[in-house]
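Working notes, structure below.
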Amino acid sequence: MKNIILIGFMGVGKGSVAREIVANSSYIALDTDDMIESMVNKKIKKVFEEEGEEYFRKLEKDVANWLQKSVKDTLISTGGGFYKVKNLKKIGTIVLLDSPFDEILKRIEAHPNAKAKLKKRPLLSDLKAAKELFKQRQPEYLALADIVVDVTNKSALECTKEILKKVKKYDK
Ligand code: S3P
């Protein structure tokens, strides 16, 4: 089994889909934000505040190099900007969770913990800037993805079924 890498914008549901994939397959899961938080023993928000975004992006590169060398049979969920690491293609099959910006916002707002979801993501604090970032990243996500899954109005389980089916075909 090749690794599966979930990419996509903040709040699109990478974490929920990752948990559902693990519950319905033999993949083990890793999350690049969680890995970074345990590497530096600090929340991402704090890393942005204290060391800045550039340092965070360097940590993402370190994680990407380690993943390429050391990890297989794994479902890897990533932070929304992780796709920029140079070796992404070498880590595994890239699956983009795709949805329009407004739908992503609706999804976050509908969550019982919406406030916390927004608070922990420094790049979502200014929604106008976040929309610009989305517009800039969207074509880059699409260009990199081996598989694209439109997650709009789908449950995590529906997305999971679609992903596992498409990955199976793709890996043949
Ligand atoms: C980021 C997304 C975040 C986190 C960091 C930066 C981004 O992860 O890695 O705040 O650049 O899009 P999520 O996509 O899980 O919110």
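In each ligand, atom 1 is the first atom listed, and ligand 1 is the first ligand listed.
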Go through the steps to decide whether N24 and T160 satisfy the test side chain to side chain donor-acceptor pair (under 3.5 Å), and finish with yes or no. CA-CA 8 Å; N24 288 281; T160 292; 5.2 Å; no
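- At under 3.5 Å, a nitrogen or oxygen of R57, whether backbone or side chain, sits near a nitrogen or oxygen of ligand 1.
- A salt bridge is absent between D102 and K106: the closest approach of a Lys/Arg side-chain nitrogen to an acidic carboxylate oxygen does not fall below 4.0 angstrom.
- Classification of E158 and K161 as a salt-bridged pair fails, no side-chain N sitting under 4.0 Å from a carboxylate O.
- Short contacts between ligand 1 and G81, defined as distances under 4.0 Å to a heavy atom of the residue, involve ligand atoms 7 (C), 11 (O), 12 (O).
- Protein heavy atom at the shortest distance from atom 14 (O) of ligand 1 is K14 NZ, 2.6 Å.
- Closest heavy-atom approach to atom 9 (O) of ligand 1 among the candidates V12, I7, D33, V47: D33.
- Residue contact check for ligand 1: R137 places a non-hydrogen atom closer than 4.0 Å to it.
- Taking every heavy atom of I44 and a limit of under 4.0 angstrom, the matching atoms of ligand 1 come to 5 (C), 10 (O).
- The shortest N or O to N or O distance between G80 and ligand 1 is under 3.5 Å.
- Separation of atoms CD1 (I5) and CD1 (I147) is listed at 11.0 Å; rounding is to 0.5 Å.
- At under 3.5 Å, not a single nitrogen or oxygen of K120, backbone or side chain, sits near a nitrogen or oxygen of ligand 1.
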Working note: T152 + S99, criterion side chain to side chain donor-acceptor pair (under 3.5 Å); need CA distance, chi angles, decisive distance, verdict. CA-CA 6 Å; T152 314; S99 195; 2.9 Å; yes
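- Nearest-residue assignment for atom 10 (O) of ligand 1 (options G13, P122, G79; heavy-atom criterion): P122.
- Nearest protein neighbour of atom 16 (O) of ligand 1, counting heavy atoms only, is R121 NE, 2.4 Å.
- Heavy-atom contacts from other residues, nucleotides or ligands closer than 6.0 Å to CD of Q136 number more than 12.
- Between K42 and E51 there is a salt bridge, with a side-chain nitrogen of the basic residue lying less than 4.0 Å from a carboxylate oxygen of the acidic one.
- Ligand 1 lies nowhere less than 4.0 angstrom from a heavy atom belonging to F82.
- Taking a cutoff of 4.0 Å between a charged side-chain nitrogen and a carboxylate oxygen, R57 and E53 qualify as a salt bridge.
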